Amino acid sequence: MKKTPSPTDEESLLFRDAVKGTRKIKQDTIRADLRPVKQKRELRESREKLGVDHFFSDEYQPHLDEDGPTRFVREDVSAFELKKLKRGSYPPEIYLDLHGMNQNQAKQELAALLTLCQKENIHVASVMHGIGKHVLKQRIPSWLAQHPNVRAFHQAPREWGGDSAILVLLDIEE
């Protein structure tokens with residue numbers, strides 16, 4: 001192993017001259033107080049207060065058709081239901097407007113809407129995500145495809161929002 005040569009007197013003077021007027025940094029050790037169990041419990045309790053019983057993953061990417069309007073139909077549901085949504089045969093019974101919300105707020109509101117639909121026996125909902133930067137427009141279909149009560153969804157007809165909304169057909173246990 002090579003040892004670095006010690007600085008000469010001239011180099012030491014140049015260094016001292018360069019750092020003249022500075023002060024020594026006091027080294028503080030900051031230790032993170034890790035409490036993951038408590039944090040998870042608090043998060044679960046806050047979700048329970050909201051009455052939300054389903055949580056969406058941001059990593060899940062469903063196989064949705066890239067061509068044409070946003071649409072999805074669960075495997076055990078007839079494709080004809082999707083056509084009915086597209087035509088506007090199912091008018092929305094409830095509306096959710098997500099304009100101005102960030103992803104976390106939108107995710108919580110969407111979960112709360114789906115929980116409310118189940119409690120109130122609502123079969124068709126309209127989720128208005130807006131156009132904006134297309135962040136919510138891309139995320140909402142992947143979140144909806146994860147929910148067990150979502151039978152199908154389709155981009156809303158023009159009279160219920162068009163490109164900036166999605167009609168959701170729900171499977172409600174009675």
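Because the structure is predicted, anything quoted here is derived from the model rather than measured.
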Can you tell me if [X] has over 12 outside heavy atoms packed within less than 6.0 Å of its [atom1]?
X: D76; atom1: CG; value: yes
X: E10; atom1: CD; value: no
X: Y95; atom1: OH; value: yes

To check you understand the geometry: which heavy-atom pair defines the closest contact between [X] and [Y], and what is its length?
X: S126; Y: P92; value: CB-CB, 3.7 Å
X: H154; Y: P69; value: CE1-CG, 3.7 Å
X: H129; Y: L98; value: CA-CB, 4.4 Å
X: L170; Y: I122; value: CD1-O, 3.7 Å
X: L144; Y: I166; value: CD1-CG2, 4.1 Å
X: I131; Y: S164; value: CD1-CB, 3.9 Å

Point to revise | Shared hydrophobic cluster, F72 / V168 (ILVMFWY, side-chain heavy atoms < 4.5 Å) | key: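 Linked, F72 and V168 end up in one cluster.
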
Point to revise | Pair R139, Q103: side-chain N/O donor-acceptor within cut-off below 3.5 Å | key: yes

Answer yes or no: is there a side-chain heavy-atom contact under 4.5 Å between [X] and [Y]?
X: R71; Y: Q155; answer: no
X: L96; Y: E109; answer: yes
X: C117; Y: I94; answer: yes
X: V127; Y: D97; answer: no
X: F153; Y: P141; answer: yes
X: W160; Y: L167; answer: yes

Check your understanding: Is it true that R74 and D171 have a side-chain N and a carboxylate O under 4.0 angstrom from each other?
Key ->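 Looking at D171 together with R74, the answer is yes, because their closest N to O distance falls below 4.0 Å.
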
What distance do [X] atom [atom1] and [Y] atom [atom2] have between them, rounded to the nearest 0.5 Å?
X: H99; Y: M128; atom1: NE2; atom2: CE; result: 7.5 Å
X: H123; Y: E93; atom1: NE2; atom2: CD; result: 6.5 Å
X: L82; Y: R87; atom1: CG; atom2: CZ; result: 10.5 Å
X: Q146; Y: W143; atom1: CD; atom2: CH2; result: 9.5 Å
X: K86; Y: K84; atom1: NZ; atom2: NZ; result: 15.5 Å

Using atom types as modelled and distance alone, determine if a side-chain donor or acceptor of [X] lies under 3.5 Å from a backbone N or O of [Y].
X: S89; Y: L85; value: no
X: Q138; Y: V135; value: no
X: Q108; Y: Q105; value: no
X: Q118; Y: L114; value: no

